[in-house]
Amino acid sequence: MKFLIHETLRTLNTDDVFEFGLGEIIKSLEHDDIYEANAVFRRNGKERTHKVPGLSEFDVVRGFMTYIGINLRAAAKNDLVEFDLNGLTLDQYIPLTKTIRDIWDE
C-alpha cells in the first residue's frame, strides 16, 4: 500500500514499535461528494485499518490525525508507554485542538 503520510514511532521504556500511515485519498465509490482513505495503525506488527471519510481532502487528513492521536494517547495512558518524540510532547506532535491550516501556518 502506498502512503501519503507514514510514520514510525519507537518507545523509550518498551520494545514496542508503532507505525501508522494514510493511504491515497480518493472519491468515494458510493457518494460523489465524499472523499475517503484508509488509515493503518500497527503496533508490533499487529495491524488495524480504519476508513477515514470527509467532505474534502483536508477533512480526511484531519480525521486521520484525530484517529492516530486518539490511538497513541490511549496506548500512552493505558499501557504507560513513553514515546521518543525528539523532545516534543504528544500534544505538540499530533495536535488535536488545531486545524490543519493552523498547523501549516506555524
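Positions are given from 1, in the same order as the sequence printed here.
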For this session: Tell me, with the steps shown, if Phe3 and Leu22 meet side-chain contact (heavy atoms from CB on, under 4.5 Å).
Result: CA-CA 5 Å; Phe3 290 110; Leu22 180 68; 5.6 Å; no

For this session: Decide yes or no on side-chain contact (heavy atoms from CB on, under 4.5 Å) for Tyr67 and Arg48, but give the supporting numbers first.
Result: CA-CA 11 Å; Tyr67 172 73; Arg48 289 186 302 188; 4.2 Å; yes

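With Asn13 contributing its side chain and Leu80 its backbone, the two residues share a donor-acceptor pair below 3.5 Å.
Using a 4.5 Å heavy-atom threshold, the side chains of Leu9 and Val17 count as separate. Looking only at side-chain heavy atoms (C-beta outward), Val81 and Phe18 come within less than 4.5 Å of each other. Counting heavy atoms from C-beta outward, Leu72 and Phe20 have side chains that approach closer than 4.5 Å.
Interatomic distance, His50 NE2 to Phe64 CZ, rounded to the nearest 0.5 Å: 11.0 Å.
The side chain to side chain donor-acceptor pair (under 3.5 Å) contacts involving residues 20-41 comprise nothing, where partners must be two or more places apart or lie in separate chains. Residue pairs that meet the salt bridge (charged side-chain N to carboxylate O under 4.0 Å, His left out) test with at least one member in residues 77-89, sequence neighbours left out, are Arg43-Asp79.
Between Ala39 and Val52 the shortest heavy-atom distance is CB-CG2, 3.7 Å. Summarising the geometry of Pro53 relative to Ile34, their closest heavy-atom pair is CB-CG2, 4.2 Å, with the distance given to 0.1 Å. Residues Gly23 and Ala37 approach most closely at O-CB, 3.7 Å, considering heavy atoms.
If you chain together hydrophobic residues whose side chains sit under 4.5 Å apart, Leu4 and Val61 fall into the same group. Hydrophobic clustering of Ile, Leu, Val, Met, Phe, Trp and Tyr side chains at less than 4.5 Å, counting indirect connections, keeps Leu55 apart from Met65.
Residues satisfying the side chain to side chain contact (heavy atoms under 4.5 Å, CB included) criterion with Asp15, sequence neighbours excluded, are absent altogether. When the side chain to side chain contact (heavy atoms under 4.5 Å, CB included) test is applied to Thr14, the partners found at least two apart in sequence or on another chain are Thr11, Asp16. The salt bridge (Lys or Arg N to Asp or Glu O under 4.0 Å) search around Arg42 returns Glu19, Glu47, not counting sequence neighbours. By the side-chain hydrogen bond (donor to acceptor under 3.5 Å, both in side chains) test, Thr49 is found to be paired with no residue, residues two or more places apart in sequence or in another chain being considered.
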